[in-house]
Amino acid sequence: SIMFDNLKEKIKELAKTAVVKAEEALGSNKGQQKKEMAIKYIVEKIPVPALFKPIISLLLSSFIDDAIELAVEYMKNEVL
């Protein structure tokens, strides 16, 4: 659906910021914590009413995971 496509684009953008913020806050080596922090950040910033956030984060949880993984790869390549 159109709504989900837009959300997914937004999530991809948010993921990059989320990963950078998590990295700055926690440093390296804390993979799981950073991922949780990044997910939290993304869900907070998703442009949907608060009421829908739990549903959206559930429905798109694997997408959010993938977006974070991609953002991490992207960031590694940017740094090198």
Given the rule in the side-chain contact (heavy atoms from CB on, under 4.5 Å) test, do Leu70 and Lys12 qualify, once you have shown the distances and angles that lead to the verdict? CA-CA 8 Å; Leu70 281 171; Lys12 280 184 201 166; 5.5 Å; no
Using side chain to side chain contact (heavy atoms under 4.5 Å, CB included) as the criterion, point out the one residue from Ile42, Asn6, Ile68 that pairs with Ile11. Ile42
Among the clusters formed by ILVMFWY side chains lying less than 4.5 Å apart, do Ile55 and Ile64 turn up in the same one? yes
Of all heavy-atom pairs linking Leu14 and Ile46, the shortest is CD1-N, 4.0 Å
Taking atom CZ of Phe4 as the centre, report whether more than 12 heavy atoms of other residues, nucleotides or ligands fall under 6.0 Å from it. yes
Any ion pair linking Lys35 and Glu69 (charged N to carboxylate O, less than 4.0 Å)? yes
Nearest heavy-atom contact between Ala38 and Ala18 is O-CB, 3.6 Å
Return the CD1 to CG distance between Ile39 and Leu60, rounded to the nearest 0.5 Å. 12.0 Å
Can you name the nearest heavy-atom pair linking Ala15 to Ala67, along with the distance? CB-O, 3.6 Å
Check Pro54 against Ser57 and note the closest heavy-atom contact, atom names and distance. O-OG, 3.1 Å
Connected-component partners of Met37 among ILVMFWY, side-chain separation under 4.5 Å: Leu26
Determine which pairs satisfy side-chain hydrogen bond (donor to acceptor under 3.5 Å, both in side chains) with at least one residue from residues 16-26, sequence neighbours left out, and list them in order. Glu23-Lys34
Pair Val43, Ile56 - check side-chain contact (heavy atoms from CB on, under 4.5 Å), show working. CA-CA 8 Å; Val43 173; Ile56 297 285; over 6 Å; no
